[in-house]
There are 2 protein chains.
Amino acid sequence: MAEALTGEAILVATEEVLRRYGPAKATVVDVAKALGVSHGSVYRHFPTKAALREAVTRRWLDAIHVEMESVLDAEASAADNLRAWLQHLFDRKRLSHVDEPELFATFKVLVSESRAIPEYHIGHLVGQIARIISAGVETHEFVTDDIQRTAQAVWDATQVFHHPAHAQEWGNPHIQDAFDAVVSLVVAGLRYNRIPSATGDA
Amino acid sequence: MAEALTGEAILVATEEVLRRYGPAKATVVDVAKALGVSHGSVYRHFPTKAALREAVTRRWLDAIHVEMESVLDAEASAADNLRAWLQHLFDRKRLSHVDEPELFATFKVLVSESRAIPEYHIGHLVGQIARIISAGVETHEFVTDDIQRTAQAVWDATQVFHHPAHAQEWGNPHIQDAFDAVVSLVVAGLRYNRIPSATGDA
DNA sequence: GGACTGACAGATATTGAAATCTGTCAGCTG
DNA sequence: CAGCTGACAGATTTCAATATCTGTCAGTCC
């Protein structure tokens with residue numbers, strides 16, 4: 001008898017099926033076939049196809065989160081950390097897009113299927129930006145009166161370089177130049193930024 | 001006998017047909033029907049359906065270009081002009097998106113059909129940003145060693161607030177707050193920005 | 001008796017034949 | 001004869017019949 005069927009094994013098989021067939025064609029039956037079980041068995045571990053897809057996506061995003069964490073260097077200046085972090089995120093997404101466009105397209109679709117998933121992903125990464133900015137404020141390298149809001153602004157200002165909707169622009173030969181220009185503008189802004197309060201002031 | 005059929009009349013009718021049927025369903029036959037002529041006549045004025053769609057789109061974009069031009073105030077500071085200009089562009093697109101979502105979706109499709117059209121539109125608007133920044137540099141309000149590149153960076157950093165791919169986010173109640181945060185960051189950056197040269201330096 | 005199967009109902013996707021559309025052009029019309 | 005028509009060929013879209021898929025569950029098998 002084969003090993004017992006685990007959720008983890010199903011996730012691995014699902015990722016493989018998605019890679020092979022793409023998000024539109026991949027079916028639960030395909031996953032079951034790849035595992036040599038009936039598709040009913042898959043439903044013992046995941047209540048719906050959507051839940052299965054979401055679990056695969058979370059796995060993939062978690063790997064990115066861990067990887068991004070490792071870019072930070074406690075010794076470096078906040079500006080250098082922010083630059084390196086943004087560059088790494090850009091490189092990661094761009095490489096994924098040019099090297100394995102079908103897999104990238106697959107995850108682009110998966111991420112857009114749920115409201116919770118992008119929220120989870122963006123929340124996590126904006127949190128990492130907030131930590132970088134926070135360190136910068138402590139050393140007086142950066143100025144801001146609302147770290148969370150500023151972190152979100154940095155994220156928003158760099159969307160062209162990580163949002164999948166802009167992936168087609170990443171093939172442009174001048175894209176690295178455009179990236180440097182935006183990041184320089186943002187870092188310069190952080191050194192002197194004082195965002196007026198959202199809801200009103202004197 | 002009716003008036004002679006003009007290119008302008010065809011454009012007006014095409015816009016109406018697009019508004020009514022949407023970009024997927026609108027046909028040249030529909031346009032001809034609306035004008036009370038045979039569809040062969042439309043082809044005397046526009047060589048292909050694509051050319052007709054492109055002409056309609058250019059008309060629509062030109063109206064935006066003229067409108068954006070009128071926002072600038074020679075008396076105001078460069079920062080105020082930039083803020084007002086970006087805010088107007090954002091409001092224009094957002095209102096169009098919520099008030100007439102089908103028409104907005106239509107033009108979103110039309111713009112994405114051609115490579116030349118977005119280039120034309122973006123080139124024009126980035127040119128307007130460059131003029132604002134240029135004025136700011138002259139009064140020493142802004143610092144930059146490459147106006148064109150910086151203008152492009154300002155455009156890129158604010159994509160979330162004008163690129164149609166992000167239109168769904170414009171319904172978020174905190175979107176104006178996010179806009180203010182990004183614009184403040186960008187304006188702060190312009191006051192002190194010195195982007196390192198693209199191709200290398202000392 | 002807990003894990004799995006396979007048959008089933010309703011929902012979704014595929015397919016290919018029929019209908020429509022695009023772009024052309026010879027000829028009509030004022 | 002300049003501008004328009006309408007019939008036409010090939011490309012594209014529509015639609016309905018057919019096949020497949022999702023999610024359930026009574027029953028089988030260690």
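By convention in this document, chain letters (A, B, ...) are assigned in the order of the sequence lines, proteins followed by strands, and residues within each chain are numbered from 1. Just so you know, these numbers use all the heavy atoms, side chains as well, and skip hydrogens, waters and symmetry mates.
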Only distances under 3.5 Å count here; give the side-chain donor-acceptor pairs of residues 12-19 of chain B to other protein atoms, sequence neighbours excluded, each with its distance to 0.1 Å.
unit_1, atom_1, unit_2, atom_2, d
T14(B), OG1, I10(B), O, 2.6
E16(B), OE2, R20(B), NH2, 3.3

Report, one pair per line, the protein and nucleotides 20-25 of chain D atoms (nitrogen or oxygen only) whose separation is under 3.5 Å.
unit_1, atom_1, unit_2, atom_2, d
dT22(D), OP1, V28(A), N, 3.1
dT22(D), OP1, K49(A), NZ, 3.0
dT22(D), OP2, V28(A), N, 3.1
dT22(D), OP2, V29(A), N, 3.4
dG23(D), OP2, Y43(A), OH, 2.9
dG23(D), OP2, K49(A), N, 2.6
dG23(D), N7, H39(A), NE2, 3.2
dG23(D), O6, H39(A), NE2, 3.0

With sequence neighbours excluded, residues passing side chain to side chain contact (heavy atoms under 4.5 Å, CB included) with Y120(B): R58(B), D62(B), H65(B)
Flag, side chain of S70(A) to backbone of E67(A), donor-acceptor distance under 3.5 Å: yes
Less than 3.5 Å apart, which donor and acceptor atoms pair up between the side chains of residues 95-102 of chain B and the rest of the protein, not counting sequence neighbours?
none

Value in whole Å for how far the P atom of dT14(C) lies from OH of Y21(A): 14 Å
Below 4.0 Å: OP1/OP2 of dA3(C) and any side-chain N or O of S41(A): no
Ionic contact status for K49(B) with E113(B), cut-off 4.0 Å: no
R44(B) CZ - dC28(C) C1' separation (whole Å): 13 Å
Positions of residues 7-19 of chain B (non-hydrogen atom under 4.0 Å from DNA chain D), listed by number: none
F46(A) side chain reached by R53(A) side chain, heavy atoms, under 4.5 Å: no
Exam field: side chain W170(B) to backbone D91(B), donor-acceptor pair closer than 3.5 Å: no
Atom pair distance, as rounded to whole Å: CG in L35(A) and P in dT5(C): 10 Å
Side-chain donor-acceptor pairs of residues 35-45 of chain B under 3.5 Å, sequence neighbours excluded:
unit_1, atom_1, unit_2, atom_2, d
S38(B), OG, G40(B), N, 3.3
H45(B), NE2, L5(B), O, 3.3

